[in-house]
2 protein chains.
Amino acid sequence: MQHQGSEELRRRALWMADRCLGRRIARLQRLVSRRFEAELRESGLTLAQVEVLSEMAVSGEPVRPSEIAGWLGIERSTISRNLDLLAQLGYVRAAETSATGRTTRVVVTDAGHQALADAQPAWERAQAWISGAVDEDAVDALDRWLTALELAPRPR
Amino acid sequence: MQHQGSEELRRRALWMADRCLGRRIARLQRLVSRRFEAELRESGLTLAQVEVLSEMAVSGEPVRPSEIAGWLGIERSTISRNLDLLAQLGYVRAAETSATGRTTRVVVTDAGHQALADAQPAWERAQAWISGAVDEDAVDALDRWLTALELAPRPR
DNA sequence: CGCTCACTGTTGCAGATACACCACATGGAG
DNA sequence: CTCCATGTGGTGTATCTGCAACAGTGAGCG
């Protein structure tokens with residue numbers, strides 16, 4: 001808490017700003033997601049919705065909401081709302097429901113598959129824009145990041 | 001729009017989900033930002049606020065809001081609001097203001113520098129957690145991503 | 001000087017997310 | 001079987017973000 005010379009403070013800020021991984025990854029995500037959202041707008045789907053739908057489609061079987069949350073690293077509550085929305089659109093459907101009305105497993109409907117297929121061209125454009133800018137190695141590095149952080153011990 | 005075999009639809013979804021850069025980067029960002037936010041909570045600062053403050057501190061001189069927006073890849077409107085909030089906290093201050101009340105340049109106050117310095121330990125923990133998990137090459141790859149996308153031609 | 005035009009800060013608005021919390025579910029121990 | 005611990009789905013709430021739109025700004029030019 002002691003007073004610091006202004007030069008010292010600036011050097012310290014530079015050190016943080018320059019190395020901060022949070023800043024750089026956030027910036028990257030903002031750039032990328034904006035492009036995806038812009039392209040996907042015409043299809044009426046959100047990037048998050050595409051993520052959820054495709055993840056469900058990959059599985060092919062009824063999945064539990066919390067599984068999706070885990071795969072995507074999204075809060076369960078957020079997934080719950082997204083599934084609500086997708087259900088209203090008719091793209092997903094509860095495959096199993098407990099007596100109290102909680103959905104325990106969900107599946108993609110035919111309309112959902114169709115919507116995903118329709119969104120593919122837009123998706124492809126965004127994907128191409130990004131992968132055209134970076135080299136293959138960088139993409140591999142991204143995957144290494146993900147697996148590394150998945151395995152990283154969670155503090156607390 | 002024609003009907004597709006369910007096998008075909010699943011393969012297509014797998015292709016998208018697996019390769020989607022939007023999905024992977026978003027997932028990475030969620031993992032990383034959650035960790036930063038969790039650590040920073042005790043300091044009362046948000047990751048976004050740390051980004052803004054440190055970026056301003058690095059410059060050392062009064063900066064224009066839109067410059068910050070450009071550096072961080074954040075909307076001008078969002079920066080405007082963040083600056084409002086930081087000003088309420090006393091961490092930034094308008095250095096220049098036009099007659100109509102628009103702030104044209106802002107600076108970090110002493111309290112702002114101090115808040116940044118106080119947040120550094122928490123920041124360090126999050127940073128260490130991440131950089132401990134990934135190798136140096138991956139960090140370089142991240143920077144290549146950023147510069148590449150910055151230079152990428154913007155469609156439309 | 002006056003005009004134009006690109007840029008900038010701000011605000012209204014709509015949507016999305018996370019956290020805290022609660023009720024229900026599930027499975028093992030006694 | 002009962003009880004308890006853990007996990008899971010859903011809701012309330014607060015916050016944040018981006019887009020669209022608008023008014024002010026300022027540099028360049030006739």
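Remember, it's a predicted structure, so these values are computed and weren't measured experimentally. So that the names make sense, note that chain A is the first sequence line, chain B the second, and so on, each numbered from 1.
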I'd like to know if [X] reaches the base of [N] with its side chain such that a donor and an acceptor end up less than 3.5 angstrom apart.
X	N	value
A:Ser77	C:dC19	yes
A:Arg35	D:dG18	no
A:Arg30	D:dT17	no

Salt bridge present between B:Arg27 and A:Glu55 (N-O < 4.0 angstrom): no
Angle between terminal axes - the helix from C:dC1-D:dG30 to C:dG30-D:dC1, 5 pairs each end, rounded to 10°: 20°
Sugar-phosphate, base or nothing in reach of B:Thr100, heavy atoms under 4.0 Å: sugar-phosphate
Residue mapping more 5' on DNA chain D - nearest nucleotide basis, A:Arg102 or A:Arg34: A:Arg102
Without decimals, in angstroms, what is the distance between [X] [atom1] and [N] [atom2]?
X	N	atom1	atom2	value
A:Leu40	C:dG15	CG	C1'	16 Å
B:Asp84	D:dT15	CG	C1'	15 Å
B:Leu47	D:dT17	CG	P	9 Å
A:Glu37	C:dA14	CD	P	18 Å
A:Leu45	C:dA16	CG	C1'	15 Å
A:Arg81	D:dG12	CZ	C1'	8 Å
A:Glu96	C:dC24	CD	P	19 Å
A:Phe36	D:dG18	CZ	C1'	18 Å

Under 4.0 Å between a side-chain N/O of [X] and OP1 or OP2 of [N], yes or no?
X	N	value
A:Ser98	C:dA25	yes
A:Ser80	D:dG10	yes
A:Asn82	C:dG15	no
A:Thr104	C:dC24	no

A:Thr109 side chain to A:Tyr91 backbone, donor-acceptor under 3.5 Å: yes
Contact residues, residues 55-76 of chain A to DNA chain D [heavy atom, < 4.0 Å]: A:Arg64, A:Pro65, A:Ser66, A:Arg76
Closest-nucleotide 5' rank along DNA chain C - winner of B:Arg41 and A:Gln49: A:Gln49
Closest to the A:Leu85 side chain, choosing from C:dT10, C:dA16, D:dT17: C:dA16
